[in-house]
**Q** 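What follows is a single structure, and I will ask about it in a moment.
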Amino acid sequence: MSDEMSIREWQERSKAGEFTAKDRETQCRAGWYDWFCQDTSLAGRLRQLSKLVMKITDPFILDNYYVWFKNNCPVIGPLYDDVRFEPLSEERNGRCFVVAVDSPHETQKWVLYTERHGFDEPEFSCRDVRDMAKYIDQIGPELEKAGSPSQDISCDLTLQDKPPKRKETSR
């Protein structure tokens with residue numbers, strides 16, 4: 001990524017309409033990195049992914065992370081998208097996470113995978129974007145601790161309402 005911007009800045013630029021044009025340059029500036037769909041489809045796909053990014057409110061995540069987007073082409077099943085959250089500092093320390101949307105391999109619409117859990121199994125999944133944004137905001141303080149030199153990245157969440165691995169919620 002050449003132009004990483006904090007999520008807070010991304011939100012501001014998105015609200016200003018900077019990422020609405022369908023041209024390739026605009027969509028790359030918005031954060032598209034890899035795709036298999038037509039270039040003209042990226043803006044529509046971004047609208048769906050931005051629903052999540054725009055709902056993030058945790059100050060640590062807003063100011064210390066950037067997002068980028070990937071359109072995935074599985075061997076079996078339709079294309080699906082994900083949004084990837086990475087620290088601006090480039091010091092991952094187990095703090096990266098990915099939210100897949102409408103993956104044909106998942107039972108829920110929104111599925112969170114985290115580096116701290118090895119990306120092997122989802123940490124959280126749900127049907128509604130508001131639930132995913134709420135969960136991401138809740139893990140913000142744990143991600144902040146994981147980045148400090150005195151914390152081990154394998155720390156468990158201490159959130160009271162943290163679901164167990166592979167939990168699927170419904171409204």
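Remember, it's a predicted structure, so these values are computed and weren't measured experimentally.
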**Q** Is the backbone of F60 close enough, under 3.5 Å, to the side chain of D58 for a donor and an acceptor to pair up by distance?
**A**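 It does hold such a pair.
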
**Q** Tell me every residue that passes salt bridge (charged side-chain N to carboxylate O under 4.0 Å, His left out) with K51, counting only those two or more places apart in sequence or in another chain.
**A**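 By the salt bridge (charged side-chain N to carboxylate O under 4.0 Å, His left out) rule, K51 matches no residue at all.
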
**Q** When you measure from the side chain of D131 to the backbone of C126, do you find a donor-acceptor pair of N or O atoms at a distance under 3.5 Å?
**A**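 Looks like no, no N/O pair under 3.5 Å.
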
**Q** Return the orientation label for the W68 and Y33 ring planes: parallel under 30°, perpendicular over 60°, tilted otherwise.
**A** perpendicular

**Q** Hydrophobic cluster membership, with links at side-chain heavy-atom distances under 4.5 Å among I/L/V/M/F/W/Y: are L79 and L52 in one?
**A**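 Result: no, two separate clusters.
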
**Q** Do the side chain of N71 and the main chain of F36 share a donor and acceptor less than 3.5 angstrom apart?
**A** yes

**Q** If we ignore hydrogens and angles and just use 3.5 Å, is the side chain of E86 paired with the main-chain N or O of Y66 as donor and acceptor?
**A** no

**Q** List the steps and the verdict of ring-ring contact (aromatic ring centres under 6.0 Å, His included) for F119 and Y113.
**A** CA-CA 5 Å; F119 292 117; Y113 287 88; 7.3 Å; no

**Q** Keeping the roles fixed (side chain from Q27, backbone from F19), state whether a donor-acceptor pair exists under 3.5 Å.
**A** yes

**Q** Could you measure the distance from the NZ atom of K55 to the CD1 atom of I136? Nearest 0.5 Å is fine.
**A** 12.0 Å

**Q** Taking the side chain from E115 and the backbone from R95, do they hold a donor-acceptor pair closer than 3.5 Å?
**A** yes

**Q** With the threshold set at 4.0 Å, does a side-chain nitrogen-carboxylate oxygen contact exist between E12 and K15?
**A**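 No salt bridge links E12 with K15.
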
**Q** Just by distance, do the side chain of D137 and the backbone of T57 share a donor-acceptor pair under 3.5 Å?
**A**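 Yes; at least one donor-acceptor contact below 3.5 Å.
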
**Q** Is the backbone N or O of P87 less than 3.5 Å from a side-chain atom of N64, with the two atoms forming a donor-acceptor pair by type?
**A** no

**Q** Kindly assign one of parallel, tilted or perpendicular to the pair H105 and Y80, based on the angle between their ring planes and the thresholds 30° and 60°.
**A** perpendicular

